Amino acid sequence: MFAGLGRLVHRRRLSCLALCLGFAVLSGMWGSGAVARLKSGGFDDPHSSSSLVAKLSAQYFSNSTPDVFVIYRSDRLTIDDPRFRGAVVTTLARLPQDRVRNVLTYWSQTPRVAELASKDRHATFAAVQLAGDDSAKAAAYDAIKDMFAAPGLSVRVGGGVPLAKEFNTQTQGDLARAETISFPVLLVLMLLVFGSLGSFWLPLVVGAFSIVGAFTVLRLLTMVTDVSSFSAEVITMMGLGLAIDYSLFIVNRFREELARGTDRPTALANTMATAGRTIAFSGITVTTALSGLLLFPQMFLRSVGLGGMAVVAVAIVGALVLLPALLALLGHRVEFGRMPWRRRRTRKDRREGGPWYRLATSVMRHPILYFVAVMAVLGVLTTPFLHVRFGTTDVRVLPTSSPNRQLYEAFQREFPTGSKDPIDVVLSGDLIPKNFVPSKKRPVPSFITDYEDRLRHLPGVTSVEITGYADKYAAVRISVRHQYGAMTDQARDLVRRIRAVPPRREALYADVGGSTAAQMDMMDSLRRGLPTVGAVIGLVTFLLLFMAFGSIVLPLKAVTMNLLSLGASFGAIVWGFQDGHLAGLLRFTPTGTTEPTTIILVLLTVFGLSMDYEVFLLSRVREEWDRTRDNARSVAVGLQRTGGIISSAALLFLVVIAVFSTAEITLVKLIGVGMFVAIVVDASLVRMLLVPATMRFLGPANWWLPRPLRALHSHLDLGEHDEPPENAAPSAESAAPSAESAVPPAESIPVEEEPVRVPDGVPALEDVLVETVPAPRARRQAQRLAELRAERRALRTVPDRTAAAGLVDHGHGPGRHDGAGPAAEPTAVAAEPDVRHGPTGEFEAVVEYGTTGEPTLADEILRRVAAVNGRAPVTREPREEAGDGRSAPRPQREIVPNPDGPGWHWKTPEE
């Protein structure tokens, strides 16, 4: 299917580009309007008791928490001075009645409420309720925000509506600044990583396509549901990050295919059949992880999950349609302007096997040592999370220059009450009269006053008053003010005490709300939902990995490894933000708590991205395992071929994430730092060291699949498989060993059109014969290996099955010749051997055999490699039928230089 997609995109490359360009232009014009429609907040559980109180207050009462909160202060006058009162009352009386629903001041209360006056009586505050729903309130505030200035008084304006507006404005500013800072850095790094002028700009195109497309989806979502402003931050981070990941993987595979000599359509088809399939599967896995956010009731988490899923979906389309179309146009020009460092690196990798292969061989030699060392480091990084203390955010997440934060700090400093947000209790039931207004003739019912008295005697309560009667609903709201901060342990204890005070009438129901109760309800909601979300995501991820890799061990290992990365990330969050160790560096105010929704957001986002890297690595490991059935070699080769891709993708992604740590909002900093640490740990310690070490000592158990599940997997197989086009003959270039693989696949060796004659008794099956030599530290052994490689190059002849191992060509046609008689008849012989570092740190001569009737050049190479080790040579001799029906090996023969000229021949008994 994916190979067919590659061929289709190649044939219709101009049409695909036109469609993608048209979609991007329309998305940029229409989708950008999604930012203005995003909401702030959304941390509350809509099904909780506190949410019910908030809805009733908004519908039937004026909110006890004001929409606009205004502090008036005078250095000379007190609030008892008529001039102070006149300035405030006159100013507020001028507010348009169609915009303002209610205004509460110190002088509008009888008797006076002491909490409305500051400790020094030089300041007071006014609580303004705006008219209409949320959008109408935002418009009303924009219309009256410049009308609060009172002559002779200093003014600070804040509250829920101004806070939401500032939050959205600050988010957009952080987003624009992040893009401005990260873009030039990404350009330089992508040129370094991709190594050519023809390819480094491809991730930017895919990233821009992903982001604008995701914002279009986001705007569609805002038409049917509320979406948090944080989704814009997530779309930008993940859009660029996924574009980099996917582009690196596809471009690298496309280059490999071109290097093998395949034509452009075939190279693109093979790329899509392998890398394209892996990216599609990886995108499904990331989307599965993000879909877990939809199971939480909080709008913040749900909308971020929707935004993340949208950007992943569009990024997959960009990687599987837009990027292949660009590669189809570029072809070999993808290597245009190749940088010098990439040419040097390619030559070095061809000579020494590459740094990632050397790292893999080191891990293969000492897996237990690496496993213990990495686990110790991860344990240290995770330790701070053991004393995590969860709590919701307040205006301290804003910068110190924020007007809302300045108002909050002034209120905390100057007014006697510890919190401006009371604990609201809504009494509802048939006993409460509708359209009730208390008067002398209609006093407040005794069961309500009795309930008030019991609340008034709770510790820490400063006042209890009825703040609203429902017009058309049988309910009354009681506001309980206290001396504690809204997010303190004492305030939470007070909420529990209030909830433990039941009405004394059976027909009455008490629901407790306010910011403190909302925080507690949110925590309870997360505790209830997280196990279910974790179980669903874990199960679906397990099934997807099972279908892709045909193992039940690898999915369990992958999930476990991802959790280890997350533990280190959570430890860094607690250490840096809750404990405040990063406060000076990142310029924020620590609150002593960790916001739980951001932890969950980091958990699911990083889990998906870590699984992205896991799929990239395991897909190549599985490909090598299917070919060789050698676990150690499969892990080493898989790490060699993906280590550079994963580390480069992580580096570029880290640039995007790191910029978000410069945001003004602390929550954005926290998310950026958490994801930064998780990606660093995952891409370096876990994916490069811990995963290979674990797979090394698990051995073949990595691929264990119980017999009853094998048939199921054969029907559900989603693994990566090569799907070369039909009638695609590989070129001669592909037969030679490349820098990427010392042993070329059998398909890469051209086959003569006429049948190859196979001697009787020799199985027509290919196998791999490996002679290993321990890797010495002495310089002499390294020189011997260099000499051996030089001899290999000197002995090399035409790379085909009948002449790849020919000793000398005397002009009589292809075949082996011993210098004494006519050329031998053509038979299937070994491909050219290679000498390299093995996964256990030993030198290996690797020979891919066909059927052979005579000792070949491969045997000579094996003999010389064995000589380096001081052992008897390993030979592969054709078999002859003995008298008892068993095969007997022929006597070993030796190859010697021709005495009368260049070339080699078999040593005769006379010599």
Side-chain angles (χ1 to χ4, degrees), residues 41 43-45 48-51 53-54 57 63-66 69 71 104 106 109 113-120 123-125 127 156 158-160 163 387-398 404-426 451-467 477-501 510-524 578 580 589-596 666:
F43 300 95
D44 300 335
D45 180 2
S48 64
S49 175
S50 57
S51 294
V53 171
S57 295
N63 289 333
S64 59
T65 301
F69 195 80
I71 294 180
L104 173 67
Y106 174 77
Q109 300 296 299
V113 179
E115 287 78 10
L116 296 177
S118 64
K119 298 174 184 178
D120 61 1
T124 185
F125 68 84
R156 287 193 177 97
L163 177 62
H387 65 269
V388 64
R389 184 171 177 269
F390 292 111
T392 54
T393 60
D394 53 38
V395 293
R396 286 176 291 178
V397 301
L398 296 171
N404 279 281
R405 177 169 178 174
Q406 291 174 355
L407 180 142
Y408 170 84
E409 292 174 343
F411 183 87
Q412 293 290 101
R413 182 176 59 252
E414 298 173 5
F415 287 81
T417 182
S419 174
K420 64 181 177 61
D421 298 328
I423 299 173
D424 291 332
V425 182
V426 172
Y451 187 75
E452 286 184 280
D453 290 338
R454 287 192 289 156
L455 296 181
R456 196 172 285 113
H457 288 88
L458 294 177
V461 174
T462 58
S463 68
V464 177
E465 60 179 335
I466 298 175
T467 57
R477 186 183 64 194
I478 301 173
S479 294
V480 181
R481 296 191 178 273
H482 53 90
Q483 61 186 7
Y484 309 122
M487 303 305 165
T488 61
D489 291 337
Q490 295 89 339
R492 286 189 283 269
D493 289 337
L494 180 57
V495 170
R496 295 187 188 98
R497 292 174 183 271
I498 293 175
R499 285 177 170 172
V501 178
D511 294 291
V512 181
S515 58
T516 306
Q519 177 211 22
M520 298 171 63
D521 291 341
M522 180 194 68
M523 292 296 302
D524 292 340
Q578 177 179 303
T589 302
T591 61
T593 61
T594 300
E595 213 289 317
T666 305

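Note that this is a predicted model, so its numbers are computed, not measured.
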J.: How close do Leu407 and Gly158 get, heavy atom to heavy atom, and via which atoms?
T.: CD1-N, 3.3 Å
J.: Using a 4.5 Å cut-off on heavy atoms from C-beta on, say whether the side chain of Val388 contacts that of Gln578.
T.: yes
J.: Using side-chain contact (heavy atoms from CB on, under 4.5 Å) as the criterion, list what pairs up with Asp453, not counting sequence neighbours.
T.: Arg456
J.: Can you sort out the partners of Asp489 under side-chain contact (heavy atoms from CB on, under 4.5 Å), two or more places apart, ordered by chain and number?
T.: Arg389, Arg492
J.: Mind checking side-chain contact (heavy atoms from CB on, under 4.5 Å) for Ser48 and listing every partner two or more places apart, or none if nothing turns up?
T.: Asp45, Ser50, Ser51, Asp521
J.: Between Asn404 (side chain) and Gly159 (backbone), is there a donor-acceptor pair under 3.5 Å?
T.: yes
J.: Are Pro596 and Met523 close enough that some pair of their side-chain heavy atoms sits under 4.5 Å apart?
T.: yes
J.: Could you tell me if the side chain of Leu458 sits less than 4.5 Å from the side chain of Leu494, heavy atoms only?
T.: yes
J.: Would you check if there is a donor-acceptor pair between the side chains of Thr589 and Arg405 at a distance under 3.5 Å?
T.: yes
J.: Using side-chain heavy atoms (C-beta onward) and a distance below 4.5 Å, is Ile498 in contact with Leu455?
T.: yes
J.: Tell me, please, which residues at least two apart from Arg496 pass side chain to side chain donor-acceptor pair (under 3.5 Å).
T.: Asp493
J.: Using side-chain heavy atoms (C-beta onward) and a distance below 4.5 Å, is Ile478 in contact with Glu452?
T.: yes
J.: Nearest heavy-atom pair of Ile71 and Ala410: which atoms, and what distance?
T.: CD1-CB, 4.4 Å
J.: Locate the shortest heavy-atom distance separating Phe390 from Gln519; write the atom from each residue and the value.
T.: O-NE2, 4.4 Å
J.: Holding to side chain to side chain donor-acceptor pair (under 3.5 Å), I want the full list of residues that pass it with His387, two or more places apart in sequence or in another chain.
T.: Asp579
J.: Could you grab the distance from atom OH of Tyr408 to atom CG of Leu163, nearest 0.5 Å is fine?
T.: 12.0 Å
J.: Under a 3.5 Å distance rule, please check whether Ser479 uses its side chain to pair with a backbone N or O of Pro422 as donor and acceptor.
T.: no
J.: Testing the basics here: between Ala510 and Val425, what is the closest heavy-atom pair and its distance to 0.1 Å?
T.: CB-CG1, 4.2 Å
J.: How would you list, by chain and number, every residue that makes a side-chain contact (heavy atoms from CB on, under 4.5 Å) with Arg454, sequence neighbours excluded?
T.: Asp450, Tyr451, Val501, Pro502, Arg504
J.: For the pair Thr467 and Arg477, evaluate side chain to side chain donor-acceptor pair (under 3.5 Å) and give the outcome as yes or no after the intermediate values.
T.: CA-CA 6 Å; Thr467 57; Arg477 186 183 64 194; 2.8 Å; yes
J.: So Lys119 and Glu414, do their side chains get closer than 4.5 Å, heavy atoms only?
T.: no
J.: Could you check whether Arg396 and Thr591, counting side-chain N and O atoms only, form a donor-acceptor pair closer than 3.5 Å?
T.: no
J.: Between Ile423 and His482, is any pair of side-chain heavy atoms under 4.5 Å apart?
T.: yes
J.: Between Met520 and Val495, is any pair of side-chain heavy atoms under 4.5 Å apart?
T.: yes
J.: Taking the six-membered ring for Trp, are Tyr106 and Phe125 ring centroids under 6.0 Å apart?
T.: no
